[in-house]
Amino acid sequence: MLYPQERMYEEMTFLSYYLHWSRDAVMGLSHQERRRWCQEVSAVNKKLSNSSQKTYEFR
């Protein structure tokens, strides 16, 4: 079973936007690494927002 292409693009966009990584850098990550980076960036966003307002989390 292949990883959904739409989900992969969402992860790539999220990391490229927040970390300013190139397409090649993001594509060089394994699926597990990409997901972990998305989780880490989401955790930082949530911590920095420090409110009940909508945060920029990747789910």
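Quick note: residue numbers are just sequence positions, from 1.
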Visitor: Any side-chain to backbone donor/acceptor pair from Ser16 onto Thr13? Under 3.5 Å, distance only.
Guide: no
Visitor: Between Glu33 and Arg36 (salt bridge meaning N to carboxylate O under 4.0 Å), is one present in this structure?
Guide: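 Salt bridge absent between Glu33 and Arg36.
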Visitor: Rounded to the nearest 0.5 Å, what separation is found between the CG atom of Leu15 and the OG atom of Ser22?
Guide: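 Nearest 0.5 Å value for the CG-OG distance: 11.5 Å.
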Visitor: Do Asn45 and Tyr18 touch side chain to side chain, with heavy atoms closer than 4.5 Å?
Guide: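 Sidechains of Tyr18 and Asn45: in contact.
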Visitor: Taking atom types as modelled, find out whether Tyr3 and Glu11 have a side-chain donor-acceptor pair closer than 3.5 angstrom.
Guide: yes
Visitor: Evaluate the side-chain proximity of Trp21 to Leu29: yes if any heavy-atom separation is below 4.5 Å, no if none is.
Guide: yes
Visitor: Hey, does Arg7 have a side-chain heavy atom less than 4.5 Å from the side chain of His31?
Guide: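 When only atoms from C-beta onward are counted, Arg7 and His31 do not touch, as no gap falls below 4.5 Å.
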